[in-house]
Amino acid sequence: MSRVVHFEIHASEPDALIDFYTAVFGWTFTRFGDMDYWSISTADADGDDGVGINGGLTRREGSPPGPSAPVNGANIVVAVDDVDATFSLAIDQGASSAAVPEDLAGVGRVANIRDPDGNLLGLITPDLSAMSGA
């Protein structure tokens, strides 16, 4: 079976999005040589916890998606401890609301934002009881 092993975020202003994702999720970024590309580590400070994947941030070629543009790429969904708190923090850091936080039975609490460059991003606090069969 094939698995997703990497994600990429496109940025019109890489430094601005690096600041955004660092503030909201605590991700760390390392520039890849002289290229307009940064590796993203989503692991905590202690290293890889074995959950999730890492990614990259690259300079966008062309215009960012407009507010009503359809998703024409992959939507990244980030598991967080508290969707409401993360949603509020993201808005404070320059994101816009794409779907306010709500509960989905058997799934968890979810929301969608657009980062400051217009990329759609999902947030989820999973309903762990539904996943464990409890």
Side-chain angles (χ1 to χ4, degrees):
M1 171 132 356
S2 300
R3 295 180 7 165
V4 176
V5 296
H6 183 80
F7 65 88
E8 286 186 340
I9 300 170
H10 292 244
S12 299
E13 297 179 34
D15 290 335
L17 282 191
I18 289 169
D19 291 345
F20 172 81
Y21 284 104
T22 299
V24 175
F25 299 118
W27 295 349
T28 56
F29 293 76
T30 305
R31 189 157 190 157
F32 192 75
D34 292 334
M35 299 169 43
D36 275 344
Y37 194 91
W38 292 258
S39 297
I40 303 171
S41 174
T42 63
D44 59 24
D46 295 333
D48 188 2
D49 59 8
V51 178
I53 61 174
N54 294 318
L57 184 134
T58 187
R59 184 171 300 280
R60 182 184 304 284
E61 294 181 19
S63 301
S68 61
V71 176
N72 59 5
N75 179 21
I76 299 168
V77 179
V78 181
V80 297
D81 291 333
D82 183 334
V83 162
D84 295 272
T86 304
F87 181 86
S88 294
L89 176 59
I91 299 300
D92 290 346
Q93 292 294 319
S96 60
S97 172
V100 296
E102 67 176 317
D103 294 315
L104 291 180
V107 175
R109 188 141 178 90
V110 299
N112 285 291
I113 61 168
R114 288 195 181 274
D115 74 14
D117 203 31
N119 297 301
L120 185 64
L121 186 75
L123 306 173
I124 185 170
T125 300
D127 179 353
L128 299 178
S129 67
M131 292 178 183
S132 67

Identify the two heavy atoms, one from L57 and one from A11, that lie closest to each other, and give their separation to 0.1 Å. CD2-CB, 3.9 Å

If you take all heavy atoms of A95 and P116, which pair is closest and at what distance? N-CG, 4.2 Å

For the side chain to side chain contact (heavy atoms under 4.5 Å, CB included) test, which of L17, T30, I18 pairs with W38? I18

Where is the tightest heavy-atom contact between D82 and A85, given as atom of each residue plus distance? OD1-N, 3.0 Å

The test is side chain to side chain contact (heavy atoms under 4.5 Å, CB included); show your working for L121 and F25 and say whether it passes. CA-CA 12 Å; L121 186 75; F25 299 118; 3.6 Å; yes

Within the structure provided, determine whether I113 and Q93 are in side-chain contact (heavy-atom separation under 4.5 Å). no

For a side chain to side chain contact (heavy atoms under 4.5 Å, CB included) check, start with the C-alpha distance between V110 and V83, then their side-chain angles and the critical distance, and finish with the verdict. CA-CA 6 Å; V110 299; V83 162; 5.8 Å; no

Please step through side chain to side chain contact (heavy atoms under 4.5 Å, CB included) for the pair N54 and W27, ending with a clear verdict. CA-CA 9 Å; N54 294 318; W27 295 349; over 6 Å; no

Please state whether the rings of F29 and Y21 are parallel, tilted or perpendicular, taking 30° and 60° as the class boundaries. tilted

Does E13 have more than 12 heavy atoms from other residues, nucleotides or ligands lying within 6.0 Å of its CD? no

Salt-bridged, R31 to D36, with N to O below 4.0 Å? yes

Does A98 offer a backbone N or O that forms a donor-acceptor pair with the side chain of R114 under 3.5 Å? no

Could you go through V78 and V24, starting from their C-alpha distance and side-chain angles, then the distance that decides it, and tell me whether this counts as side chain to side chain contact (heavy atoms under 4.5 Å, CB included)? CA-CA 11 Å; V78 181; V24 175; over 6 Å; no

Would you name the heavy atoms of H10 and D117 that are closest together and state the gap between them? O-OD2, 3.6 Å

Closest contact, heavy atoms only, A99 versus F87: O-CE1, 3.8 Å

Quick one: does any side-chain atom of T42 pair with a main-chain N or O of I53 as donor and acceptor, under 3.5 Å? yes

Anything under 30° is parallel, anything over 60° is perpendicular, the rest tilted; go ahead and classify H6 against Y37. parallel

